[in-house]
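What follows is a set of notes on a single structure, which appears directly below.
Keep in mind that what you see is a predicted model, and the values were worked out from it rather than measured. Both ligands and their constituent atoms are indexed starting at 1 by order of listing.
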Amino acid sequence: MTRIITQEEKDAQRVFADAVREYYAALGIAQPLALVRTFGCQQNVSDSEHIKGMLALMGFGFTETPEDADFILFNTCAVREHASDRVFGNVGRLKSLKREHKNLLIAVCGCMAQQPHIAEKLRESYPFVGLVFGTHVIHRFPELMLKALRSREPVTEIPVEDGVVAEGLPVCRDSHFKAWLPIMNGCNNFCTYCIVPYVRGRERSRAPEDILAEARALVAAGYKEITLLGQNVNSYGKAEGYGMRFSDLLRAINDIPGDFILRFMTSHPRDASRELFDTIAACDKVSRHFHLPVQAGNDRVLKVMNRHYTREQYLSLIRYARSVVPDISFTSDIIVGFPGETRAEFEDTLSLVKEVGFTSLFTFIYSPRVGTPAAQMPDPVDADTKVAWLRELTAIQEEISGRISARLVGTEQRALLEARRDGYTEARMSDNRVVR
Ligand code: SAH
Ligand code: SF4
Ligand code: F3S
């Protein structure tokens with residue numbers, strides 16, 4: 001069941017925030033400095049923006065220099081081994097800094113922290129980490145911070161408080177023209193390789209009126225791009241029965257007066273309906289880009305992955321989308337070397353990639369995750385072979401991406417200016433490609 005955090009709970013956190021401010025004042029630190037490092041997906045980036053909002057409420061300023069920081073937080077990702085390794089490396093390097101800087105508080109939160117065996121490892125091998133908290137208690141951050149500051153022992157808080165939706169958290173956005181707007185959290189799909197449902201809990205959605213109010217405020221504040229976030233946006237509101245599904249929400253935000261680009265991610269092919277593409281066709285502010293992770297091009301592999309669609313269903317969805325939104329561009333995620341995937345099955349992925357013509361791909365070598373069904377499956381293909389397959393796939397994709405880009409040379413496109421770097425101006429087009 002979805003549970004909205006009450007006003008009393010929010011007020012209580014404000015009291016904790018004031019106490020943290022006083023704690024530092026008593027130490028003679030007028031403005032403590034925080035460094036927040038974020039790993040993983042946009043959901044984590046958005047969570048970090050809220051954590052920074054709470055830090056600002058507690059009187060913190062921000063720094064990028066570890067030596068200057070009074071508080072260092074790692075917001076972590078557990079989706080692949082590589083992501084976890086990087087966090088342990090980064091945290092390990094802070095051991096000596098903690099020795100020199102007694103008041104420094106080091107914390108780890110996010111999807112890795114939510115895994116009991118990781119929290120255990122941090123407690124045992126990284127005792128200089130003073131605070132570990134999971135994905136379900138972000139709204140209680142001021143309270144946890146105060147507890148950790150006052151405690152001699154490391155504080156660990158990783159309860160599974162599934163279904164919590166926190167509205168009205170303060171936020172410090174990283175950009176003044178691009179905004180992340182979470183509409184839901186969690187995932188119910190349990191793809192057999194994936195850790196996300198275990199570390200993020202079940203799907204729960206914010207109420208449409210809260211999302212719309214935030215979107216209106218963003219447009220009024222001059223934001224030019226709004227990206228709606230969820231692990232599976234197409235099942236928005238399913239659990240709650242708000243009477244508004246994802247397509248309705250998209251239309252409602254599209255109808256907000258103003259000049260802005262509306263994006264969303266991620267979509268699961270099983271739940272991406274034809275109606276959604278009809279909606280995109282009818283909505284002028286929705287970008288002509290669709291991220292639709294396919295993961296594999298072979299039906300047996302898709303089935304063992306628990307993806308609930310076939311290659312043909314996926315391709316037919318793409319065909320339909322192109323028939324109603326001719327200029328739509330597709331990107332995707334692909335896992336190479338899923339346990340038991342054969343060479344012939346991998347070749348089905350290659351042929352699917354050629355057939356669809358994605359503008360770009362995110363490609364990953366399968367990484368076993370503790371507690372997921374796939375981690376128990378026989379995995380006979382060796383690591384070198386998987387690396388070779390991945391190279392083969394990326395080479396094919398590079399060729400395709402180049403060809404698609406070449407088609408646009410000489411055409412006129414609307415784009416959002418994002419940065420000026422190395423004497424170039426970088427702008428993002430509606431189809432999500434960056435032009436320099
Ligand atoms: N909710 C999104 C994606 C979440 S994770 C979706 O379902 O599309 C982002 C990507 O990481 C996935 O699409 C998948 O390609 C990849 N991924 C997830 N678990 C993985 C694992 N164990 N090994 C390798 N890649 C993985
Ligand atoms: Fe993971 Fe699948 Fe959920 Fe995406 S849909 S987060 S891949 S379990
Ligand atoms: Fe990683 Fe958690 Fe996102 S595992 S991909 S940060 S939801």
Side-chain angles (χ1 to χ4, degrees), residues 37-49 51 74-87 108-115 118 134-136 138 180 182-204 228-236 238 264-272 290-297 301-302 304-309 314 330-339 341 349 353 358 360-377 379 383 386-387 389-390 393:
R37 283 264 148 82
T38 308
F39 299 79
C41 66
Q42 274 70 24
Q43 200 90 38
N44 257 18
V45 173
S46 173
D47 284 347
S48 285
E49 291 185 338
I51 288 170
F74 295 91
N75 188 6
T76 63
C77 171
V79 84
R80 283 170 294 274
E81 193 62 43
H82 176 67
S84 306
D85 288 347
R86 272 177 61 208
V87 170
V108 178
C109 71
C111 296
M112 260 174 85
Q114 187 66 38
Q115 296 176 284
I118 298 282
T135 54
H136 298 282
I138 290 173
W180 307 114
I183 62 167
M184 59 192 300
N185 201 340
C187 182
N188 292 352
N189 285 315
F190 289 95
C191 303
T192 50
Y193 50 81
C194 186
I195 196 71
V196 171
Y198 303 87
V199 292
R200 286 272 174 182
R202 294 298 67 71
E203 274 172 18
R204 58 235 182 242
L228 310 180
L229 296 180
Q231 290 300 341
N232 181 11
V233 290
N234 307 120
S235 57
Y236 169 78
K238 237 185 207 169
F264 56 87
M265 64 201 295
T266 304
S267 299
H268 192 298
R270 178 185 58 179
D271 300 313
F290 207 105
H291 185 61
L292 195 61
V294 66
Q295 312 299 356
V301 175
L302 286 170
V304 189
M305 284 178 163
N306 196 32
R307 292 290 287 180
H308 294 280
Y309 54 84
Y314 184 89
F330 283 97
T331 55
S332 201
D333 293 349
I334 289 194
I335 296 179
V336 171
F338 182 78
E341 185 178 50
T349 295
V353 163
F358 297 108
S360 66
L361 274 186
F362 298 89
T363 51
F364 311 103
I365 290 181
Y366 167 73
S367 171
R369 309 283 62 212
V370 172
T372 60
Q376 307 293 325
M377 297 176 188
D379 191 1
K386 292 185 184 186
V387 171
W389 288 2
L390 184 86
L393 172 62

Residue, atom name and distance, where the atom is the protein heavy atom closest to atom 7 (O) of ligand 1: Arg307 NH1, 3.9 Å
Tell me, please: is Ile195 in heavy-atom contact with ligand 1, that is, under 4.0 Å? no
Just checking: Cys187, one of its N/O/S atoms, less than 2.8 Å away from atom 3 (Fe) of ligand 2, yes or no? yes
I want to check something: taking the side chain as every heavy atom from C-beta on, are Phe358 and Thr331 in contact at a cut-off of under 4.5 Å? no
Please could you name the atoms of ligand 1 that Pro293 approaches to less than 4.0 Å, counting only its heavy atoms? 8 (O)
Test item, Val196 contacting ligand 1 (heavy atom, 4.0 angstrom): no
List the closest protein heavy-atom neighbour of atom 9 (C) of ligand 1: residue, atom name, distance to the nearest 0.1 Å. Asp333 OD2, 3.7 Å
Heavy atoms only, cut-off 4.0 Å: how does Thr266 contact ligand 1, side chain, backbone, both, or neither? side chain
Quick one: does ligand 2 sit under 4.0 Å from the side chain of Phe190, the backbone, both or neither, non-hydrogen atoms only? backbone
Write out the residue and atom name of the closest protein heavy atom to atom 5 (S) of ligand 2, then the distance separating them to 0.1 Å. Asn189 ND2, 3.3 Å
Nearest-contact summary for atom 7 (S) of ligand 2 - protein heavy atom, Å: Tyr193 OH, 3.4 Å
Run the contact test for Gln42 against ligand 3 with a 4.0 Å cut-off on heavy atoms, strictly below, and give the result. no
Is it true that Arg200 lies under 4.0 Å from ligand 2, counting heavy atoms only? no
Aromatic ring proximity Phe362/His291, centre distance under 6.0 Å: yes
Between Cys41 and atom 1 (Fe) of ligand 3, is there a contact where an N/O/S atom of the residue lies under 2.8 Å from the metal? no
Taking the six-membered ring of Phe39 as reference, does the NZ or CZ atom of Arg86 fall below 6.0 Å from its centre and within a 45° cone about the axis? no
Are Asp379 and Lys386 within salt-bridge range, i.e. N to O under 4.0 Å? yes
Nearest candidate to atom 2 (Fe) of ligand 2, where distance is taken over non-hydrogen atoms, out of Cys191, Pro197, Cys194: Cys191
The protein heavy atom nearest to atom 2 (C) of ligand 1 is Gln231 OE1, 3.6 Å
